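Taking it in order: structure first as C-alpha cells, then the write-up.
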Protein chains: 2
Amino acid sequence: MSSATKTLELLSFFSASRPEIGLSQLCRIAGRDKATTYRHLQALEYAGFVEKNPTTRHYRLGPAVLHLAQVREATVPRKAAVQLSLSQLADATGETAHVSVLSGTVVYSLASCESPRHGTRAVIDITTFPLHATATGICALAFGPADLFDVAAAHLDRFTANTPTTPQAVSNLVDNARTTGFGSSNGNYESEVYSLSAPLFDQTELFVGAVTVASVASRFTPDLERKIKRELAKASREITHNWGGTLPTGVEAAWAETLSPLHAMDTTS
Amino acid sequence: MSSATKTLELLSFFSASRPEIGLSQLCRIAGRDKATTYRHLQALEYAGFVEKNPTTRHYRLGPAVLHLAQVREATVPRKAAVQLSLSQLADATGETAHVSVLSGTVVYSLASCESPRHGTRAVIDITTFPLHATATGICALAFGPADLFDVAAAHLDRFTANTPTTPQAVSNLVDNARTTGFGSSNGNYESEVYSLSAPLFDQTELFVGAVTVASVASRFTPDLERKIKRELAKASREITHNWGGTLPTGVEAAWAETLSPLHAMDTTS
DNA sequence: GCGGTGGGTTCATATGCTGAACCGCTGTTT
DNA sequence: AAACAGCGGTTCAGCATATGAACCCACCGC
C-alpha cells in the first residue's frame with residue numbers, strides 16, 4: 001500500500017456521523033502510527049482536503065472537496081453518469097430501463113434506455129411519475145420522505161383496472177416494497193407494462209431516486225422477475241456509488257432476503 | 001514534497017475547462033515522470049478520486065469526491081462556513097457585515113454579524129434584497145447572470161431620496177461595480193445606511209452571492225471606505241475559497257486597481 | 001512499414017517514509 | 001500541589017518504498 005493510498009484512506013474515515021476527528025483518534029481508527037498519520041494529515045491539509053477546527057484542533061474535511069465535486073459534476077453530470085449502468089441493465093434484462101429522481105414531491109425521469117431484444121417494449125413516455133401507480137412512485141413512497149404519502153393519497157387517479165385507488169391499497173404496495181427492497185407495478189399505470197424498481201440514495205442514505213425496469217406483461221415470468229431484481233440491485237449499487245451515495249444496510253438486507261434461493265422457492269411455488 | 005502531496009496535486013489539474021486528462025498529458029502538465037504519475041493515478045483510482053473514461057482511457061474525477069463533498073456540506077454547511085469570516089469582517093471594520101446568496105432571481109440573506117464598536121449600527125432586517133437599491137443587489141447585477149437586470153428593471157421601487165429609479169441610473173451603479181469590483185449603496189435603501197459589497201463565486205467562476213458591510217452615513221469617511229474595501233476583498237477571497245469556488249481574475253484586477261495607492265489619491269482628492 | 005504518439009511496465013538506485021520514543025501542554029485525579 | 005493520563009506535535013536512525021530511464025505494445029497517419 002503506497003503512502004498516497006494510505007493518505008487518501010484517511011479521508012474515508014470522515015462521515016456525517018463522525019465529521020471531526022482528532023489526531024490520536026484517527027491513529028486508532030486507521031491503526032497507524034501517530035507520526036505517520038500526522039504527516040499524512042499535513043499533506044491533506046496543505047492540499048485543502050482537510051482543515052483544522054481552530055478551537056478543538058480536530059480535523060474535518062476541507063473546502064477542496066467542494067471544489068472537486070463541482071468539477072466532477074460539470075464533467076460527468078448525473079445524467080451522463082447513469083447511461084452506462086442503464087444500458088447494461090437494459091442489455092442484461094432485455095427490457096426497458098430508466099432512472100428517475102425525486103425533486104420536492106415530484107418524481108421525474110432523468111434518462112431511459114430501451115433494449116432491442118424484443119419487438120414489443122415498454123416505452124417511457126412520461127416525464128413525471130404518478131406516485132401511487134408506478135413502480136418508481138411506490139419506491140419513492142417506500143424509501144423517500146414520509147410526507148410524500150399524503151401527496152400521493154391526494155391524487156389517486158385511476159389509469160387501468162389494476163391501479164390502486166385507495167390509500168390502503170397503496171399502503172400495501174409500499175409495505176411490500178419496504179420488505180422486498182423493490183417497488184413494483186403489475187399494470188398499475190399501463191395495463192400491459194409490468195415494472196420493478198430499486199431505490200437510489202445519497203451519502204446520508206436519503207432517497208434521491210429510483211432505477212426501474214419496465215417489461216411487457218406477457219413475458220413477465222417468475223424467472224425474468226428474479227433476473228430483473230438481481231440486475232436492479234446491481235444497477236442501484238452502481239448508480240448510488242457513482243452519485244457519491246451509500247445504500248442503507250436495511251435495503252441490502254431486504255434484497256438479500258428477496259433474492260435468496262430459499263425465498264425463490266416461495267415466489268415460484 | 002511528499003509523495004502524498006504530489007498525488008493530491010494531480011487532482012488540482014482537473015477543471016471544468018480540462019475535465020479529462022491522459023497520462024502523457026498529465027505528465028507534461030505536472031512536469032513529472034510517467035511511471036510516477038501513473039502510480040499516483042493508480043492510487044487515486046483505487047480510492048475512487050479519479051476514474052478512467054473507458055473509451056479514451058483518459059482520467060477524470062471520480063465519484064469519491066461527490067461523496068466527500070456531501071460529508072463536508074453536512075459537516076460545515078455554507079452558513080457555518082461564513083461565520084468566522086463574517087465576525088472577523090465586522091470586527092476589523094467595526095460595522096455590520098452580512099452574506100447573501102443568489103437563488104434564481106432572488107438574493108436572500110444567509111447570515112449577518114454586527115460589531116459592538118459603535119452605539120449606532122446598521123441592522124440587516126430584510127431577508128431578500130432589492131436588486132436596484134442595495135450594494136448586494138448591485139453586486140448581483142454586475143457579476144451575476146445577465147437576465148437579472150430585466151428583473152431589477154421591472155421593480156424600481158423608490159425607498160429613499162437616493163434610490164435609483166431609472167434603468168439608466170441602475171446601469172451606472174452596475175458599471176461602477178464592474179470597474180471597481182465592489183457594489184455600493186449610499187443610502188439607496190435606507191437613507192442613513194451606506195453599504196459596500198463584494199461578490200462571491202463558485203468553482204466555475206459563476207456569481208453565487210455577496211459579502212457586504214453596512215455602515216452609518218455619518219461616519220462613512222474615505223478612510224473607512226478604503227478599509228472596508230480592503231477587508232471585503234479579504235473576506236470575499238476567504239468565503240469563496242471556503243465554498244470551493246474561485247475568484248475570476250477580472251475581479252481581482254479590479255480590486256487591485258481600486259485599492260492601489262495611486263487610486264487612493266484620486267478618491268480622496 | 002515507419003515515425004510519432006499513446007498507455008502501461010520493469011528494475012536498480014537512493015530518497016524520503018516509517019515508528020519508537022520523545023516534548024510540552026491541559027485537564028483530572030488523588 | 002504533585003502525579004497522572006491524554007492530547008497534538010516533533011525527532012532521528014534505519015530501511016521500506018518511491019523514483020525515473022529505458023522499455024514494450026498498440027494505434028494512427030502516411
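We use all heavy atoms of the structure for the numbers below, so side chains are in, but hydrogens, waters and symmetry mates are not. Since this is a predicted model, take the numbers as computed values, not measurements.
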> B/Arg57 side chain N/O closer than 4.0 Å to the phosphate oxygens (OP1, OP2) of C/dG6?
Replying inline: no
>> So which atom in A/Pro116 and which in A/Arg121 form the shortest heavy-atom distance, rounded to 0.1 Å?
In response: CA-NH2, 3.7 Å
>> Among C/dT18, C/dG8, C/dC22, which nucleotide has an atom closest to any side-chain atom of A/Arg39?
In response: C/dT18
> Can you find a heavy atom in the side chain of A/His40 that is under 4.5 Å from one in the side chain of A/Ser3?
Replying inline: yes
>> Check this one for me: any side-chain N or O of B/Tyr59 less than 4.0 Å away from OP1 or OP2 of C/dG8?
In response: yes
> Is there a side chain to side chain donor-acceptor pair (under 3.5 Å) between A/Ser195 and A/Thr212 once you walk through the steps?
Replying inline: CA-CA 7 Å; A/Ser195 292; A/Thr212 305; over 6 Å; no
> Where each residue is assigned the nucleotide of DNA chain C containing its nearest heavy atom, which of B/Thr56 and A/Lys34 is assigned the position nearer the 5′ end?
Replying inline: B/Thr56
> Nearest 0.5 Å, what's the CZ-CG distance between A/Phe49 and B/Leu8?
Replying inline: 5.0 Å
>> Assuming nearest nucleotide by heavy-atom distance, tell me which of A/Gln42 and A/Lys6 is located more 5' along DNA chain D.
In response: A/Gln42
> Using a heavy-atom cut-off of 4.0 Å to chain B, what are the terminal contacting nucleotides of DNA chain D, in 5' to 3' order?
Replying inline: D/dA18 to D/dA21
> Taking the six-membered ring where the residue is Trp, are the ring centres of B/Trp243 and B/Phe201 under 6.0 Å apart?
Replying inline: no
> How far does the helix from C/dG1-D/dC30 to C/dT30-D/dA1 bend, going by the axes of its first and last five pairs, to the nearest 10°?
Replying inline: 40°
>> To the nearest 0.5 Å, what is the distance between CD on B/Gln88 and CG on B/Asp91?
In response: 8.0 Å
> Considering heavy-atom distances to DNA chain D, does A/Ala35 or A/Ser2 have its closest nucleotide positioned more toward the 5' end?
Replying inline: A/Ala35
> Between A/Gly181 and A/Phe143, what is the shortest heavy-atom contact and its length?
Replying inline: CA-CZ, 3.9 Å
> Would you say B/Arg72 and A/Glu51 make side-chain contact, with heavy atoms under 4.5 Å?
Replying inline: yes
>> Using a 4.0 Å cut-off on heavy atoms, which residues in residues 8-33 of chain B reach DNA chain D? List them by number, or say none.
In response: B/Asp33
>> Can you tell whether the side chains of B/Glu9 and B/Lys6 come within less than 4.0 Å, N to carboxylate O?
In response: no
> Would you call B/Phe14 and A/Leu68 a side-chain contact if the rule is heavy atoms closer than 4.5 Å?
Replying inline: no
> Does a side chain donor of either B/Tyr38 or B/Gln42 reach within less than 3.5 Å of an acceptor in the other side chain?
Replying inline: yes
> Is any side-chain N or O of A/His40 closer than 4.0 Å to OP1 or OP2 of C/dT18?
Replying inline: yes
